[in-house]
J.: 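Next up is a structure, given as structure tokens.
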There are 2 protein chains.
Amino acid sequence: MTAEAKAATPATPPLTERQEARRRRILHASAQLASRGGFDAVQMREVAEAAGVALGTLYRYFPSKIHLLVATMQDQLQHLHGTLRKHPPSGAGSAERVAETLMRAFRALQREPHLADAMVRALTFADRSVSPEVDTVSRQTTAIILDAMGLEHPTPEQLSAVRVIEHTWHSALITWLSGRASIAQVKIDIETVCKLIDLTAPTKSQRP
Amino acid sequence: MTAEAKAATPATPPLTERQEARRRRILHASAQLASRGGFDAVQMREVAEAAGVALGTLYRYFPSKIHLLVATMQDQLQHLHGTLRKHPPSGAGSAERVAETLMRAFRALQREPHLADAMVRALTFADRSVSPEVDTVSRQTTAIILDAMGLEHPTPEQLSAVRVIEHTWHSALITWLSGRASIAQVKIDIETVCKLIDLTAPTKSQRP
DNA sequence: ATCAAGTCTGGAACTTGTTCTAGATTAGCG
DNA sequence: CGCTAATCTAGAACAAGTTCCAGACTTGAT
């Protein structure tokens with residue numbers, strides 16, 4: 001049940017090799033600039049120049065700065081998901097494994113706080129015109145969490161818990177990025193919300 | 001134990017009557033424009049004109065559009081808190097009362113979805129330069145939730161639960177505002193996260 | 001190879017948040 | 001009252017996201 005094609009190519013006509021290369025250069029430039037100075041440093045003119053592409057072309061590939069940064073996040077999440085697959089969390093219970101996974105993701109973000117800033121700010125600032133793309137990110141995140149829980153057929157209650165975990169994850173990241181919460185505080189928040197998993201576990205024991 | 005002075009006037013030198021009136025006109029114009037067309041409709045030139053104030057003056061009172069909208073939110077929250085004090089939630093348990101309170105707030109936002117959009121987007125987009133103001137909003141929200149719980153001396157675990165509830169509240173609002181979640185879904189998310197309250201109740205039994 | 005349609009480029013132009021300036025008003029004070 | 005500092009106004013100017021355009025270049029089909 002691999003799902004690489006649908007996430008990367010929702011419904012776009014196939015791109016030529018050169019177009020694929022352009023797209024990749026743009027995303028790379030975006031991530032590069034974001035790593036330097038965060039959301040503000042990703043300036044469309046600079047992205048275009050760094051990617052060796054005209055401004056109009058950049059806008060043909062990504063119709064707004066928000067679209068661009070959300071696509072960048074899709075890209076990074078794909079990486080992360082791959083990495084996590086290779087090194088699954090080691091905890092005994094579902095809650096522990098999810099918390100461990102999210103903390104691992106959090107540490108990855110801490111290594112590139114500016115990039116995290118750009119991506120998360122874009123994600124939460126996105127309006128309706130970016131809904132499909134943001135939804136893709138949400139599905140990727142859900143998949144990562146469900147993977148960590150080791151569930152094939154989650155109950156509706158468990159899916160609700162996962163939704164709340166995602167809410168907490170995004171919002172906690174924002175408070176951290178804006179300097180209103182410490183790393184330790186984010187850890188506590190994640191561990192707190194993960195308790196919901198045990199609370200919603202079906203009467204059976206949850207062991208993969 | 002009324003606390004009106006500290007929330008409205010953190011550390012600013014006292015304003016003259018005319019200045020207070022200007023500030024109020026600005027906030028009113030901001031809310032008005034936001035109610036019409038949301039975040040994008042709050043344009044600084046238009047706010048200034050509607051408030052009968054020069055652009056430079058607007059920026060003297062609120063150093064950025066984000067500051068302005070966050071201040072607008074403080075204003076609205078103050079209203080809400082007052083209303084809620086007069087009509088406290090009726091549920092039996094803490095979790096029920098908090099969920100009831102948040103749903104009531106949610107219904108208030110649904111009546112002015114554009115205003116909600118402007119305020120919430122500003123809140124989550126705010127960077128470090130707005131941290132103090134955003135923090136004030138966060139404290140107001142915490143106070144509302146603690147009021148609903150009816151707690152004088154919450155335990156650290158309960159405060160963690162409240163933090164997670166706030167995270168979920170903000171993030172759920174965003175998904176609703178961007179059209180990625182229905183009203184029903186937001187309700188479920190709120191009810192789900194409120195279960196954390198019972199989970200963290202001190203030494204009492206928790207039966208939902 | 002050639003034509004048509006689509007794409008890319010360089011650059012100007014427009015929008016809206018933000019900053020700056022010079023001059024008028026106001027507030028507080030002796 | 002008359003002075004001084006702070007504040008306010010009108011408007012220009014600047015910055016970055018976005019749109020638009022004319023001309024050059026691919027690409028795909030005949």
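As the structure is a computational prediction, the values presented were derived from the model and not from experiment. To find a chain, count down the sequence lines: A is the first, B the second, and so on, and within it residues start at 1.
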J.: Verify the contact: side-chain N or O of Tyr61(B) to OP1 or OP2 of dC8(D), cut-off strictly under 4.0 Å; return yes or no.
T.: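 Looking at the OP1 and OP2 atoms of dC8(D), one of them is under 4.0 Å from a side-chain N or O of Tyr61(B).
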
J.: Rounding to an integer number of Å, can you tell me how far Arg60(A) CZ sits from dC25(D) C1'?
T.: 13 Å

J.: Measure from CG on Leu68(A) to P on dA16(D) and round the result to the nearest Å.
T.: 16 Å

J.: Heavy-atom count check: over 12 atoms from other residues, nucleotides or ligands less than 6.0 Å from Glu49(A) CD?
T.: no

J.: Please report, rounded to the nearest Å, how far the P atom of dC20(C) is from the CG atom of Leu58(B).
T.: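 So the two atoms are 16 Å apart, to the nearest Å.
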
J.: Nearest-Å distance, CZ (Arg25(B)) to C1' (dC8(D))?
T.: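 Distance check: Arg25(B) CZ to dC8(D) C1' gives 12 Å.
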
J.: Between dT9(D), dT19(C), dT19(D), which nucleotide has the shortest distance from any of its atoms to the side chain of Leu55(B)?
T.: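 Between dT9(D), dT19(C), dT19(D), the one nearest the side chain of Leu55(B) would be dT19(C).
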
J.: With respect to the phosphate group of dC8(D), does any side-chain polar atom (N or O) of Gln19(B) fall under 4.0 Å of OP1 or OP2?
T.: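 Indeed, a polar side-chain atom of Gln19(B) lies that close.
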
J.: Whole angstrom is fine here: how far is it from NZ in Lys65(B) over to P in dT18(C)?
T.: 8 Å

J.: For Arg22(A) and dT9(C), give me the distance from atom CZ to atom C1', rounded to whole Å.
T.: 10 Å

J.: Could you state the atom-to-atom distance from CD of Glu17(A) to C1' of dG28(D) in whole Å?
T.: 17 Å

J.: Need one value for Phe62(A): base, sugar-phosphate or nothing, where a base atom within 4.0 Å counts as base even if backbone is also close, heavy atoms only.
T.: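 Phe62(A): no heavy atom of the nucleic acid under 4.0 Å.
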
J.: List in numerical order all residues of residues 26-52 of chain A for which some heavy atom is under 4.0 Å away from an atom belonging to DNA chain C.
T.: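 DNA chain C contact set from residues 26-52 of chain A: Arg45(A), Gly52(A).
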
J.: So, Glu191(B) and Lys187(B), do they make that salt bridge, N to O below 4.0 Å?
T.: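 Judged by the 4.0 Å cut-off on N to carboxylate O distance, Glu191(B) and Lys187(B) do form a salt bridge.
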
J.: Does Arg121(B) count as lying over the ring of Phe39(B), i.e. NZ or CZ under 6.0 Å from the six-ring centre, within 45 degrees of the axis?
T.: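 Flagged: Arg121(B) positioned over aromatic ring of Phe39(B).
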
J.: Ser64(A) has a side chain; which of dT18(D), dC8(D), dC8(C) sits nearest to it?
T.: dT18(D)

J.: Between dG17(C), dT9(D), dG28(C), which one does the side chain of Thr57(B) approach most closely?
T.: dT9(D)

J.: Below 4.0 angstrom, N of the basic side chain to O of the carboxylate: do Asp75(A) and Arg24(A) qualify?
T.: yes

J.: Quick one: pull up OG1 in Thr168(A) and NE2 in His170(B) and give me the separation to the nearest 0.5 Å.
T.: 12.0 Å

J.: Take atom NE2 in His28(B); do more than 12 heavy atoms of anything else shown fall under 6.0 Å from it?
T.: no

J.: How many whole angstroms separate atom CD1 of Ile66(B) from atom C1' of dT18(C)?
T.: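 Going from Ile66(B) (CD1) to dT18(C) (C1'), I get 13 Å.
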
J.: Taking atom CG of Leu123(B) and atom CD1 of Ile174(A), what is their separation to the nearest 0.5 Å?
T.: 9.0 Å

